[in-house]
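What you see below is based on every heavy atom in this structure, not just the backbone, and it leaves out hydrogens, waters and symmetry mates. Chain letters run A, B, ... following the sequence lines, proteins first, then strands; residues in each count from 1.
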Number of protein chains: 2
Amino acid sequence: MNTSLSGFIKEKRKQLKLTQPELAERTGVGLRFLRELEQGKQSVRVDKVNQVLALFGCELGVNKKIEV
Amino acid sequence: MNTSLSGFIKEKRKQLKLTQPELAERTGVGLRFLRELEQGKQSVRVDKVNQVLALFGCELGVNKKIEV
DNA sequence: CATATTTGTACCCTTTAGGGTATAAATATA
DNA sequence: TATATTTATACCCTAAAGGGTACAAATATG
């Protein structure tokens, strides 16, 4: 999920034809945070990520690790 | 997952017969952090949570929200 | 029961996440 | 290609995450 979380959000955002500022505003997170999130930053807060994912009807959950 | 993340970790830890200090040391996170995590704190960092989940072969990922 | 072990809560302290914002780089559009 | 739009990077600043630790509450064990 290292790459997939950021990829997932970027992809979903584009599906909704939203810009980063628009998605940030709709989800109530800061623009800088959203950009770092889409950029793959790992040290982000779970609650903030969920705040964004909620717009897509998703949330963070525990998954089996798909080890190499 | 609000309750399930903390519950999952606490449950997995007990399965391995580990105390909080032991799990904290094994996963390399702080004891205070692990305790807050098991206590259901939401504003925790994704990378730190994954650090713990890795011991159980798991990680955080995007899931469909199981809304009420 | 008494006692040992474990867990939860409460501090202090340092680092940093995240909000805001400006600007450069990249991309899209006319 | 020139121009407008979007995105990435870089700053400042404040609130708070997380490490350490001490102790009370709860739980387990003799």
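Here the C1' atom of nucleotide D:dG18 and the CG atom of A:Asp47 are 14 Å apart, to the nearest Å. In this structure, B:Arg32 atom CZ and C:dA10 atom P are separated by 13 Å, rounded to whole Å. Taking atom CG on B:Leu31 and atom C1' on D:dC23, their separation rounds to 13 Å, with Å as the unit. Residue A:Lys17 contributes atom NZ, which lies 13 Å from atom C1' of C:dA28 at whole-angstrom precision. As a whole-Å value, the separation of A:Leu23 CG from D:dA8 P is 13 Å. Atom CD of B:Glu22 and atom C1' of C:dT7 are 13 Å apart (whole Å). If you take CG of A:Leu37 and P of C:dG19, they are 11 Å apart, rounded to a whole angstrom. As rounded to whole Å, 16 Å separates atom P of D:dA16 from atom CD of B:Gln42.
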task = Take A:Lys64 and B:Cys58 through the test side chain to side chain contact (heavy atoms under 4.5 Å, CB included) and record every step on the way to the result.
result = CA-CA 4 Å; A:Lys64 280 246 164 293; B:Cys58 299; 4.1 Å; yes
ask   = Can B:Glu22 and B:Arg13 be said to form a salt bridge (charged side-chain N to carboxylate O under 4.0 Å, His left out), step by step?
value = CA-CA 9 Å; B:Glu22 287 167 345; B:Arg13 176 174 64 79; over 6 Å; no
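Taking only side-chain atoms of B:Lys48, from C-beta outward, the nucleotide of D:dG18, C:dA17, D:dA22 with the closest atom is D:dG18. Distance from the side chain of A:Arg35 is smallest for D:dT7 among the nucleotides D:dT7, C:dA10, C:dT7. With distances taken from any side-chain atom of A:Lys41 to the nucleotides C:dA17, C:dT7, D:dA8, the minimum falls on C:dA17. The side chain of B:Phe33 lies closest to D:dG18, out of D:dT7, D:dA17, D:dG18. Among D:dT7, C:dA17, C:dT9, the nucleotide with an atom closest to any side-chain atom of B:Gln39 is C:dT9.
For the pair A:Arg13 and D:dT7, the criterion of a side-chain N or O lying under 4.0 Å from OP1 or OP2 is met. The side chain of B:Thr19 contributes no N or O atom lying less than 4.0 Å from OP1 or OP2 of C:dT6. Here A:Lys10 reaches the OP1 or OP2 of D:dA8: one of its side-chain N or O atoms lies under 4.0 Å away.
Nucleic acid contact class of B:Arg45 (heavy atoms, under 4.0 Å, all strands): sugar-phosphate only.
Annotation: side chain of B:Leu60 is not in contact with side chain of A:Asn63 (no heavy-atom distance under 4.5 Å). Looking at B:Val46 and A:Arg45, their side chains never come closer than 4.5 Å, going by heavy atoms from C-beta outward. Residues B:Leu23 and B:Leu31 form no side-chain contact, since every pair of their non-hydrogen atoms from C-beta on lies 4.5 Å or further apart.
Comparing A:Glu36 and B:Val29 by the nucleotide of DNA chain D that holds the closest heavy atom to each, the one mapping nearer the 5' end is A:Glu36. Comparing B:Pro21 and A:Gly28, the nucleotide of DNA chain C nearest to each residue sits closer to the 5' end for B:Pro21.
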